Amino acid sequence: MAEEYVIDEVREEREIQERYEELMAACRDLKPLTRQEEAQILRAFQLAKTAHAGTRRKSGEPYIFHPLAVALIAVKEVGLGPIAVVCALLHDVVEDTEITLEELRMLFGDRVATIVDGVTKIDDVMVMQQAESKQAENYRKILLSMCNDAYVIFLKLCDRLHNMRTLGSMKDTKKLIIASETSYLYIPLAHRLGLYAIKTELEELVMRYTNPEKYAEIEAKIAAKSSVAEKLEECLYAPVRQMLDAAGYQYTVKTRIKSVYSCWKKIENKHVDFDEIYDLFAMRIILHGVPREHEKEECFKVYALIADKFTPNPTRFRDWINHPKNNGYESLQATVMTPEGVWVEVQIRTERMDTIAEKGMAAHFLYKEAHPEEQVENSPVEEWLQQIRTSLENSDKSALDLVEEFKESLYTKEIYLFTPQGENIVLPSRSTVLDFAFAIHSDLGLHCIGAKVNARPVAVGYRLHTGDQVQVLTSKKTLPQPDWIEQCHTPRAKDAIKDFLRQQKKKYAIEGKKKLEGYLSGLHLMNNPQNFGQLKRFFNQKSDVDLYYDLAVGAITEHQVAECFGKARPAPQLFFLDPYKDLFNGAALTGKSQEKTRTSRPFLLDKEYENYPTETAPCCKPVPGDQVVGIVQEGKIMVHRTNCKEAMDEMANHENHTVRAKWRPGEQLSLLTGIALTAIDSKGLLQEITRHISEELDLNMRAITLEASEGVARGIIMLYVEDVESLNGLIEKLKSIDGVEDVHRI
Ligand code: MN
């Protein structure tokens, strides 16, 4: 329970005045104020104080404490200037008092009114979000008003931070609602704006309220490390200071222990123990007085000094100076080991970089505010807001999609790639070879068969990384496949592929129409609008083209057409479902995949089920040689591996629906299956893996993804296998590669 608040108006009045003075001092500290600015802040303060007079917060304090605190956060912790202070002081008056937006506009001008309006409306977004309202139009307007001025977002974050800090006096359910809103929207926003200190604090607060037990547990573990932390002073921090002094640097050193929340996240996401956290301890070296043109050089020199004396971990070196993050973050980051064997993260940066890292893009806005006459280049955040505005203005998406899309844009990072000629191409992270090809030219994308990434051949869906040099490989014969849409990331590539497939579909429509007319005449029916409409409804097809296309590629058979009109003869042998249908995502367009299409099924089933359509289960991807079992699901037989967990659950619940199944002997089949692999990341790892796969003649690799973090590579290899022996052989071979720790089927 919060302490009882005792009302004492005289003391309160004094305290309000003191807090106002503190705010003004912080403003002047940041930059000298003009007389007009001083006067406007005072007017805003007086108006807010009068308007909120008599209202109290849940804690019992006068309401004006809140706007004053929000304004102080804006100045001190975000580094925003007088305009933000005025807006912060006024941010709740329109919502909570008699004052109208029009009055604010008259008293303080357009910009202040617009910002306050935006801040007020974000609350509405959240309310609608909870109600899962479908009012896309409203959402769009609100998101647009948020994006109109970056100050709206900055101030809302300050507001939210203060509310989270003072959450203690709220009811428990209200606490949880506010905490979940915070993690849904405000933490991503803080991240996108580069306000890391605020982001970290919000994450800590959210965890404290939503996961109090885990919070206490990790907090205790961190506290238990305090003796290690004390020793670091002696064995690392002091020696580093000596080195820097000897080299004549002006600097500040800051040290920190990782926050409870980020420890927890690392433990959860990376499946590591608390003791395996590399960056529990960190030291930051901030160099003073380095001229802009020598920043890079000096940071690297300091790194060299430290790496000379303390062993750095080569896999944990990050150069954010040559490749700044798109929120503007620049820094050199390394992890070194102390003589006692403790890993410590070391960040090296200049004062300028530190301001950007700590205050994010706010630093940029303050500069703009202070130099209104100067034409300052747009910051990445402004570019981002501009992009969102454009996409919102041209969007017909549903309300939830809009918010999701907006949220996704908060996390978009960029990767920097090179053409063989050394030209720089910037793409969103998670981009693949296809994205790269389409970014250069649509023709290159449409005929792409893969690429050489750093001279190594990879498939179209290969995910690129910063620094990769990419040479796109093409073939005149190759055309986009439907599954390409999943194998790329950028709207540009996706749209181009969809467009191509749509065109392709239209061509097929002619063939489909011919087939349909043949089928219908066999049933003594006409292809008239009435019959056609009945078919569309029966097969649940949206457009004529879609229906014709399915007919053309055989996804709708003559038998099914007959069924639609109630004229199906009992001829179930026509009712085979192609077992590869799902594996190829309907890619039966090309000659290559048609080879794989067979009319006979790969399984032998109990007699009574012989004529049921069968499919291999996507959850366990059985291959010939595996023990299998069939389960009747929605009119077809799903064939699972007998040890598949999903199959077991299914069998436990529907005993009578199980069918004995066996692989048809002697069938030459290729089925898609997957292998998961964990290994110590090393240079030749991928080559080793691919070499072993290509050595097994009857294995055909479809896709490989390999991601490394903290020196450990985790990969998924999708391949076609003909039987379980060659698959097991491959698994054994992969296990024998140096550094490979685990290989198993998925
Ligand atoms: Mn507020």
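Note that this is a predicted model, so its numbers are computed, not measured. Whatever order the structure lists them in is the order used to number ligands and atoms, beginning at 1.
- Between Lys265 and Glu268, no side-chain nitrogen of the basic residue sits less than 4.0 Å from a carboxylate oxygen of the acidic one, so the salt-bridge criterion is not met.
- Salt-bridge annotation for Arg241 and Glu233: present, with a side-chain N of the basic residue lying under 4.0 Å from a carboxylate O of the acidic one.
- Nearest N/O/S atom of Asp92 with respect to the Mn ion (ligand 1) is recorded as OD2.
- The Mn ion (ligand 1) lies closest to atom OD1 when only the N/O/S atoms of Asp159 are considered.
- Among the atoms of His162, none of the N, O or S atoms falls under 2.8 Å from the Mn ion (ligand 1).
- Using a cut-off of 4.0 Å between Lys/Arg side-chain N and Asp/Glu carboxylate O, Asp275 and Lys225 are scored as salt-bridged.
- Between Asp279 and Lys266 a salt bridge is recorded (basic side-chain N to carboxylate O distance below 4.0 Å).
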